Protein chains: 2
Amino acid sequence: MNQHMKNPTKNAKHPEVKESGHIACQDCALDDVCKPISFGDQSFDQTHSILERRTPILAGEYLYKKGDPLNSIYALTSGTVKLVKTTSKGLQQVVGFRFPGELLGDEAISTEIHILSAVAIDNATTCDMSMKGLDDIAQMIPSFQNNLIKLLSNQCYTMHLQFTSYAGRNNAEERLAAFILNVAERNSNKDILKLNIFLAMTRDDIANFLGLRRETLSRTFTKLQKTKIITIENKELDIIDIEKLRLLANY
Amino acid sequence: MNQHMKNPTKNAKHPEVKESGHIACQDCALDDVCKPISFGDQSFDQTHSILERRTPILAGEYLYKKGDPLNSIYALTSGTVKLVKTTSKGLQQVVGFRFPGELLGDEAISTEIHILSAVAIDNATTCDMSMKGLDDIAQMIPSFQNNLIKLLSNQCYTMHLQFTSYAGRNNAEERLAAFILNVAERNSNKDILKLNIFLAMTRDDIANFLGLRRETLSRTFTKLQKTKIITIENKELDIIDIEKLRLLANY
DNA sequence: CGGGGAATTGAATACGTTCAAAGGCCGTGG
DNA sequence: CCACGGCCTTTGAACGTATTCAATTCCCCG
């Protein structure tokens, strides 16, 4: 069930207005399917329910849970979300993170049932696109389907990049290097790599995701600091030597 | 560049005829986009170039290489393909395997440039759907785009399943258990799990993919044999105790 | 039957985990 | 404003697991 509260939308007519901490619309995964609704045929303006803008989620709240039916797909516009599954032993396994501009819920489009859960790590914001709304628009404007295809093929690309980043990493240093690079790239614009990253998640979440113990992760962070590849202070990480980092990550 | 040779198609009119070792069309990832071409509007019958059926690839040949432009997407109809990337140190990294019925090339649909390479492990066969052809059909039959959307959203689902299978695995036993389960499920029909699997790839390829040394993989295989969870003889693997395997894989 | 690559096994070493303890950060309440 | 407590993070030392290097066995193909 979608647990987060609704909020009257502001800037519905001019969503590009960048709010503090929010990603710009042109950098959002949903932009291709969102723009036609906001600016296209005016007949959609009254169908307010299609797109719910700037929905806040409090830290720790679930965006959706495993087994929930797919009601909406989400674009994260601020904050960080972790994707988790519960293992056969009842433990929580982190299977991914999502950052502003990224899509959530795409794994359920085909089956219409969520196969994992999404939890906000800090206070976050989403734009929610209802699946019903997407279907309606697609039926009315056939050309709109092209935008959906763009969205999905781009998501395929993103997933492959992710998988390629982590497959076959053996030691802790390589895994962490791959993680840092992956996060840096996903928090950057296409041209310039952002070298300072804010890691909203706990060390436990990172360790869990990478298949390491929190102690090993901590030791590996300090190792990367001693070799002057990064600096990290609490949740603020700075990449110092991007070349060495790439080499470590085999990227 | 697409390096494998072309072959005059047989059974073009009745592709369901199941050849030995080939997957049935209804179990193929491309079925949704393939059927409308074969059986739909007869005007497409002459556009033979859209779909190239039963294209053989010899063991060791490349289906495509990193950097190649995307000409076609492929459905593997027999054999096994490995996806590889070359690391910064010039070593080959296996980032995935594909089995009959699965899609190849989807990672390049959005960028139109392949980001990894696909190599046949044994003699394999593909059905090749040209991207140009897909576009043409989509333009002529708007409803066809729905099938493309189905294909892509299903691929998103598959990729998530994959990622979820391997994220956060720490020890060799868990990783291998997850691998065996994943392969078994992908080689099964939806209802019944296939318990005997043929592993066409070498131990080196599996180890490389899982981030283990070949020796460790070998030891872990024998460990799983001693605990009566599997039996393995050369490339023939049998799952004996599926419950224990699931528990190990946290699935 | 012989040769070469692939797979397995053995022993020493390196690396990650475990358990224990200490240090740091931050919100709460005095 | 400072002290306290809880949680997150880091560090240390002993242990267990994976890697490394070497040697052997197995399998396939000529």
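So you know, we letter chains A, B, ... as the sequences are listed, proteins then strands, and number each from 1. Note that the structure is a prediction, hence the values are computed from the model and not measured.
- In this structure, B:N170 atom CG and D:dA18 atom C1' are separated by 13 Å, rounded to whole Å.
- Within the 4.5 Å cutoff, the side chain of B:V95 has heavy atoms near those of the B:Q93 side chain.
- Taking the side-chain hydrogen bond (donor to acceptor under 3.5 Å, both in side chains) definition, one finds that B:S88 meets it with A:N250, sequence neighbours left out.
- In this structure, B:V119 and B:L63 have side chains that are not in contact, with every pair of non-hydrogen atoms separated by 4.5 Å or more.
- At distances below 3.5 Å, at least one donor-acceptor pair connects side-chain atoms of B:K235 with backbone N or O atoms of B:M201.
- In this model, the phosphate group of C:dC25 is not approached by any side-chain N or O of A:K235 to a distance below 4.0 Å at OP1 or OP2.
- Within a heavy-atom distance below 4.0 Å of DNA chain D, the residues of residues 199-218 of chain B found are B:G211, B:L212, B:R213, B:E215, B:T216.
- B:T202 and B:D204 share no donor-acceptor pair across their side chains, judged by distance under 3.5 Å alone.
- Relative orientation of the A:F97 and A:F179 rings is perpendicular, given thresholds of 30° and 60° on the angle between their planes.
- Among the heavy atoms of the strands, none lies under 4.0 Å from B:K223.
- You'll find the side chain of B:L176 reaches within 4.5 Å of the side chain of B:F221, heavy atoms only.
- Looking only at distances, no side-chain donor or acceptor of A:T216 sits under 3.5 Å from a matching main-chain atom of A:L212.
- The terminal axes of the helix from C:dC1-D:dG30 to C:dG30-D:dC1, fitted over 5 pairs per end, subtend an angle of 40° to the nearest 10°.
- Side chain to side chain, A:R175 and A:N171 fail the donor-acceptor criterion of an N or O pair below 3.5 Å.
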Please write out the pairs of protein N or O atoms and N or O atoms of nucleotides 5-7 of chain D separated by less than 3.5 Å, giving the distance to one decimal.
none

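- Atom CD1 of B:I121 is separated from atom P of C:dA6 by 13 Å (rounded to the nearest Å).
- The shortest distance between side-chain heavy atoms of A:T55 and A:Y74 does not fall below 4.5 Å.
- A heavy-atom distance below 4.5 Å is not found between the side chains of A:I57 and A:T125.
- The distance from atom CG of B:L237 to atom OG1 of B:T231, rounded to the nearest 0.5 Å, is 6.5 Å.
- Judged by distance alone, with hydrogens and angles left aside, the side-chain atoms of B:Q225 form a donor-acceptor pair with the main-chain N or O of B:I232 at under 3.5 Å.
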Sugar-phosphate or base contact per nucleotide [nucleotides 23-30 of chain D; S, B, -; heavy atom under 4.0 Å]:
----S---
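- A:F163 and B:F209 have parallel rings, their planes meeting at less than 30° on a 0 to 90° scale where 60° marks the start of perpendicular.
- Atom CZ in A:R169 sits roughly 15 Å away from atom P in D:dT19 (whole-Å rounding).
- Atom pair A:R219:CZ and D:dG12:P shows a separation of 9 Å (rounding to whole Å applied).
- The only member of B:L224, B:I197, B:I229 that meets side-chain contact (heavy atoms from CB on, under 4.5 Å) when paired with B:I239 is B:I197.
- Within residues 171-184 of chain B, the residues having any heavy atom closer than 4.0 Å to DNA chain D are, in order of number, B:N171, B:A172.
- Under the 4.5 Å side-chain criterion, counting only non-hydrogen atoms from C-beta, A:L199 is in contact with A:I206.
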